[in-house]
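Report on one structure; see the data block that follows.
The structure presented is a predicted model; accordingly, all values stated were derived computationally and were not measured.
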Amino acid sequence: MSEQPAASARRPKGEPRFPGGPVADPAGSHHERRIRSFQPRRSRVTTGQGEYLERLWPVWGLDIDGQGRLDLNEMFDGLPVVLEIGFGMGEATAEMAAADPGTGILAVDVHTPGQGNLLGLAERGGLTNVRVGNGDAIILLREMLEPESLDGLRVYFPDPWPKKRHHKRRIIQPDFLTLAAPRLKPGAVLHCATDWEPYAEQMLEVLNAHPAFENTQPDGGYAPRPAFRPLTRFEGQGLDKGHVVHDLLFTRVAELPSV
């Protein structure tokens, strides 16, 4: 039997959806309006997911409000930290965290059911190296992370925004790379994956052209899927449809170019 929608979703008007849990718009109007690379999905939160959000958010959750810098060293007890932008329902994130307990994963998304699901996976798996961020990763990078505080950045299967007029919403753009590069340590790996061929081509072109990143592939092309990236349910569905998945692995250069 499938779980029922959380009772908290039928809260009286004005009450918080999940007391102590993620807020609907953590940054509010504090930051300027701009084109967003994501679109919040309003799918239902199950009872189990809601319980995890209410109970575990104060322990492992983070609202991205743009107010103050984060101390990742304290948050992850000194572990090297990888930022994952967009984790869906969190299955792959939890699998990577379990396989590499010596690396902290700061996983950011705006999908409330996925946030609850990942918190549940982390608790059931005894994963103490996962933190779940709620909100806009751009604000996190720009306002809340110290320079050279990240050991890696993962962007797996971002929204491809397939219509030409929406291409400006794709997250892998020169401006995004310029913002992210100073937050990465020299040699840190930026790992992208997509099953949308035109987006893969754009990613490769943009990354190869950016002076802050170097392709790990001598031929300047795509990389084989590394063993540490699990085959996700979403990816499997794409493969069943005949999609080709491309991985792109780039490292941050030792010296950033002057702006």
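No continuous path of ILVMFWY side-chain contacts below 4.5 Å connects Val253 to Phe250, so the two sit in separate hydrophobic clusters. Under the 4.5 Å side-chain contact rule for hydrophobic residues, Val82 and Ile138 do not share a cluster. Both Ile139 and Val81 are assigned to one and the same hydrophobic cluster, defined by single-linkage of ILVMFWY side chains at heavy-atom distances under 4.5 Å. At a threshold of 4.5 Å between side-chain heavy atoms, the hydrophobic network of Ile, Leu, Val, Met, Phe, Trp and Tyr places Val189 and Val245 in two separate groups. The hydrophobic cluster containing Leu204 also contains Trp196, counting ILVMFWY residues as joined when their side-chain heavy atoms lie under 4.5 angstrom apart, directly or transitively.
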Between Leu145 and Leu70, does a side-chain contact (heavy atoms from CB on, under 4.5 Å) hold up when you go through it step by step? CA-CA 6 Å; Leu145 294 181; Leu70 299 177; 4.2 Å; yes
Trace of the side-chain contact (heavy atoms from CB on, under 4.5 Å) decision for Glu235 with Tyr156: CA-CA 10 Å; Glu235 183 177 358; Tyr156 297 157; over 6 Å; no
If you apply the rule side-chain contact (heavy atoms from CB on, under 4.5 Å), what do you find for Asp77 with Thr128, and how did you get there? CA-CA 10 Å; Asp77 296 323; Thr128 60; over 6 Å; no
Tell me, with the steps shown, if Leu207 and Leu190 meet side-chain contact (heavy atoms from CB on, under 4.5 Å). CA-CA 10 Å; Leu207 280 161; Leu190 168 59; 3.5 Å; yes
Apply the test salt bridge (Lys or Arg N to Asp or Glu O under 4.0 Å) to residues Lys185 and Asp151: give CA-CA distance (whole Å), side-chain angles for both, the deciding distance (0.1 Å), then the verdict. CA-CA 6 Å; Lys185 296 176 182 177; Asp151 292 81; 3.1 Å; yes
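For Tyr199 (side chain) and Ile172 (main-chain N/O), a donor-acceptor pair under 3.5 Å exists by modelled atom type. Without hydrogens or angle criteria, Asn129 side chain to Ala97 main chain gives a donor-acceptor distance under 3.5 Å. A donor-acceptor pair under 3.5 Å is formed between the side chain of Asn134 and the backbone N or O of Val23. For the pair Asp63 (side chain) and Asp65 (backbone), a donor-acceptor distance under 3.5 Å is absent. Of the possible polar contacts, none joining the Glu148 side chain to the Pro186 backbone as a donor-acceptor pair under 3.5 Å is found. With hydrogens and angles ignored, the 3.5 Å screen pairs no side-chain donor or acceptor of Asp195 with any backbone N or O of Gln237. Looking only at distances, a side-chain donor or acceptor of Asn208 sits under 3.5 Å from a matching main-chain atom of Gly220. Judged by distance alone, with hydrogens and angles left aside, the side-chain atoms of Arg252 form a donor-acceptor pair with the main-chain N or O of Ala254 at under 3.5 Å. Without hydrogens or angle criteria, Arg183 side chain to Arg142 main chain gives a donor-acceptor distance under 3.5 Å.
Side-chain contact check for Phe213 versus Leu184: some heavy-atom pair is nearer than 4.5 Å. By the 4.5 Å heavy-atom criterion applied to side chains, Thr93 and Leu121 are not counted as neighbours. Under the 4.5 Å side-chain criterion, counting only non-hydrogen atoms from C-beta, Arg229 is in contact with Asp247. Between Arg44 and Gln49, every side-chain heavy-atom pair lies at or beyond the 4.5 Å cut-off. In this structure the side chain of Glu84 reaches within 4.5 angstrom of the side chain of Met96, judged on heavy atoms. Side-chain contact between Val206 and Pro174: present, with at least one pair of heavy atoms (C-beta onward) separated by less than 4.5 Å. Proximity of Leu150 to Leu141: side-chain heavy atoms (C-beta onward) are separated by under 4.5 Å at one or more points. Side-chain contact check for Thr251 versus Thr216: some heavy-atom pair is nearer than 4.5 Å.
By the neighbour-count criterion of 12 heavy atoms within 6.0 Å, atom CH2 of Trp57 is densely surrounded, having more than that number from other residues, nucleotides or ligands.
The minimum heavy-atom distance linking Ala223 with Gln217 is given by the pair CB-NE2, 3.4 Å. The shortest non-hydrogen separation linking Ala98 to Pro101 is O-CD, 3.6 Å. Residues Met144 and Gly66 approach most closely at SD-N, 3.3 Å, considering heavy atoms. In this structure, Ala188 and Gly152 approach most closely via the heavy-atom pair CB-N, 4.1 Å. Nearest approach of Cys192 to Met203, heavy atoms of both residues: CB-SD, 3.9 Å. His246 and Ala200 get closest at one heavy-atom pair: CD2-CB, 3.6 Å.
For the side-chain hydrogen bond (donor to acceptor under 3.5 Å, both in side chains) with Gln202, the lone residue among Glu197, His167, Arg170 that qualifies is Arg170.
Summarising the geometry, atom CZ belonging to Arg131 is positioned 11.0 Å from atom CG belonging to Leu118; distances are rounded to the nearest 0.5 Å. Between Asp159 atom CG and Thr194 atom OG1 the span is 9.5 Å, to the nearest 0.5 Å. For the atom pair CG of Asp71 and OG of Ser149, the computed distance is 9.5 Å after rounding to the nearest 0.5 Å. One distance of note links CG of Leu249 with CZ of Arg225; it measures 12.0 Å at 0.5 Å rounding. Of the inter-residue distances, the one linking Leu56 atom CG with Glu54 atom CD reads 10.5 Å to the nearest 0.5 angstrom. Taking OG1 from Thr46 and CG from Asn117, the interatomic distance works out to 7.5 Å, rounded to the nearest 0.5 Å.
Below 30°, between 30° and 60°, or above 60°: for His191 and Phe228 the angle between ring planes is above 60°, a perpendicular geometry.
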